[in-house]
Novice: 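My structure is below; once you've seen it, I'll send some questions.
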Amino acid sequence: MEPGTIDNLCILYQSADFIVVNKHWDVRIDSKMWYETLTLQSQLKHRFPELADPDTYYGFRFCHQLDFSTSGALCVALNKAAAGSAYKCFKERLVTKAYLALVRGHVQERRLTIRYAIGKNTSEGMTHMMCIEGTEGCENPKPCQSELIVLEHGSYSGDPVTKVLLQPLTGRTHQLRVHCSAIGHPVVGDFTYSHKKDSSPYRMMLHAYYLRIPTGKELIEVCAPDPFVTAMDSNWVPHRVTHRLEETIQELK
């Protein structure tokens with residue numbers, strides 16, 4: 001997947017009520033800053049000017065969020081009723097989301113349930129970050145749960161890394177990044193949660209791969225192509241397969 005430009009938005013699914021896009025890494029969903037001209041909102045307006053809704057601030061109703069650095073499947077509702085039906089699915093926890101990531105080091109367990117409570121970091125210079133309960137400056141931590149399944153062990157630019165499938169069972173800001181960092185396996189290229197050390201990869205290696213939203217009128221179910229394959233990034237070299245991606249997704253279903 002090449003870097004985002006105004007006219008290279010990839011559409012994974014489209015109906016009268018919804019669009020699911022494959023969001024580029026390092027692109028914000030929207031922005032109030034005049035100098036941030038490349039956003040998912042501006043890409044959508046460029047591609048679908050006729051679908052922009054003048055009743056909304058951003059022109060499009062985003063059903064959920066993805067971090068600036070994270071790529072992958074993101075659902076957009078094209079009208080108020082559709083947005084309401086998607087919101088209900090999220091509220092009732094009927095939505096299934098699974099992310100792919102490359103994380104630092106070799107994760108020894110085949111599967112892990114990570115249960116650290118997460119709160120806002122109030123320490124000076126870290127207020128843009130989240131943190132786990134018990135760390136200094138951690139405010140209002142809330143229970144969180146993520147599932148981790150090891151797919152492959154390998155290396156990235158010669159360093160040991162593990163390709164994992166992550167499923168957030170709760171929805172806290174930066175949850176997967178904080179949980180991976182907390183178990184000693186931060187996401188490759190995560191500058192923020194590696195204490196500003198991991199800056200050499202061209203992107204953060206976290207990707208929203210699978211999304212399933214069973215709305216009343218239609219079932220939205222998409223996979224955003226896996227960017228962590230050697231054909232796309234020769235720095236990533238898999239050595240050993242633990243779980244196959246297709247079979248693991250079938251289990252989730």
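Position 1 is the first residue of the sequence, and the numbers go up from there. Keep in mind that what you see is a predicted model, and the values were worked out from it rather than measured. In what follows, every heavy atom counts, from backbone to side chain, and hydrogens, waters and symmetry copies are set aside.
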Novice: If you measure from the Lys or Arg side-chain nitrogens to the Asp or Glu carboxylate oxygens, is any gap between K142 and E133 under 4.0 Å?
Specialist: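 So K142 does not pair with E133 through a salt bridge.
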Novice: Show which residues join F90 in its hydrophobic cluster (side-chain heavy-atom contacts under 4.5 Å, direct or indirect), or state none.
Specialist: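 ILVMFWY cluster around F90 also holds L12, Y13, F18, V20, V95, L211, I213, I220, V222.
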Novice: Look only at the side chain of T248 and the backbone of R244, and say whether a donor-acceptor pair between them is shorter than 3.5 Å.
Specialist: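 Yes, because the side chain of T248 sits within donor-acceptor range (under 3.5 Å) of the backbone of R244.
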Novice: Please identify each residue that fulfils side chain to side chain contact (heavy atoms under 4.5 Å, CB included) with L78, with sequence neighbours left out.
Specialist: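 By the side chain to side chain contact (heavy atoms under 4.5 Å, CB included) rule, L78 matches I19, L51, F60.
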Novice: Could you pull out the closest heavy-atom pair between V107 and L112, with the gap in Å?
Specialist: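 What the structure gives for the nearest pair is CG1-CD1, 4.2 Å.
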Novice: Go through the steps for I118 and H179 under the test side chain to side chain contact (heavy atoms under 4.5 Å, CB included), then give the verdict.
Specialist: CA-CA 9 Å; I118 293 176; H179 272 173; 3.8 Å; yes
Novice: Is I6 linked to W25 within one hydrophobic cluster, defined over Ile, Leu, Val, Met, Phe, Trp and Tyr using a side-chain heavy-atom separation of less than 4.5 Å?
Specialist: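 Looking at the clustering, W25 is in a separate group from I6.
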Novice: The criterion is side-chain hydrogen bond (donor to acceptor under 3.5 Å, both in side chains); which residues satisfy it with Q41, sequence neighbours excluded?
Specialist: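 Expected list: none.
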Novice: May I ask you to say whether E251 pairs ionically with R111, meaning some side-chain N is under 4.0 Å from a carboxylate O?
Specialist: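 Looking at E251 and R111, the cut-off is met.
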Novice: Going by side chain to side chain contact (heavy atoms under 4.5 Å, CB included), name the residues that satisfy it together with P238, two or more places apart in sequence or in a different chain.
Specialist: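 Result, side chain to side chain contact (heavy atoms under 4.5 Å, CB included) vs P238: E152, T230, W236.
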Novice: If every non-hydrogen atom of S146 is compared with every non-hydrogen atom of Q175, which pair is closest and at what distance?
Specialist: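 Taking S146 first and Q175 second, the nearest heavy atoms are OG-NE2, 2.9 Å.
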Novice: Under a single-linkage rule joining Ile, Leu, Val, Met, Phe, Trp and Tyr whose side-chain heavy atoms are separated by less than 4.5 Å, which residues share a cluster with V241?
Specialist: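 Grouped by the 4.5 Å side-chain rule, V241 forms a cluster of one, so the answer is none.
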Novice: Checking H239 now: which residues fulfil ring pair (Phe, Tyr, Trp, His ring centres under 6.0 Å) with it, not counting sequence neighbours?
Specialist: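 Per chain and number, H239 pairs via ring pair (Phe, Tyr, Trp, His ring centres under 6.0 Å) with no residue.
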Novice: Listed by chain and number, what are the side-chain hydrogen bond (donor to acceptor under 3.5 Å, both in side chains) partners of N140, not counting sequence neighbours?
Specialist: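 N140: no side-chain hydrogen bond (donor to acceptor under 3.5 Å, both in side chains) contacts found.
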Novice: With sequence neighbours left out, what residues match R212 under side-chain hydrogen bond (donor to acceptor under 3.5 Å, both in side chains)?
Specialist: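 So R212 forms no side-chain hydrogen bond (donor to acceptor under 3.5 Å, both in side chains) with any residue.
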Novice: Any salt bridge between D226 and K163, counting N to O under 4.0 Å?
Specialist: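 The answer is yes: the pair qualifies as a salt bridge.
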Novice: Going by the rule ring pair (Phe, Tyr, Trp, His ring centres under 6.0 Å), which residues pair with H174 if we only count those two or more places apart in sequence or in a different chain?
Specialist: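 Ring pair (Phe, Tyr, Trp, His ring centres under 6.0 Å) list for H174, sorted by chain: Y193.
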Novice: Do S71 and H24 get their side chains close enough for a donor-acceptor pair, meaning under 3.5 Å?
Specialist: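 Looking only at side-chain atoms, H24 and S71 do not form any donor-acceptor pair under 3.5 Å.
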Novice: Sequence neighbours excluded, which residues qualify as side chain to side chain contact (heavy atoms under 4.5 Å, CB included) partners of T113?
Specialist: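 For T113 the side chain to side chain contact (heavy atoms under 4.5 Å, CB included) partners, ignoring immediate neighbours, are R115, Q145, E147.
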Novice: Does D26 have any side-chain hydrogen bond (donor to acceptor under 3.5 Å, both in side chains) partners at least two apart in sequence or in another chain, and if so, which?
Specialist: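 D26 satisfies side-chain hydrogen bond (donor to acceptor under 3.5 Å, both in side chains) with no residue once adjacent residues are dropped.
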Novice: Tell me, which pairs form a side-chain hydrogen bond (donor to acceptor under 3.5 Å, both in side chains) where one or both residues lie in residues 73-85, sequence neighbours left out?
Specialist: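 For residues 73-85: D17-N79.
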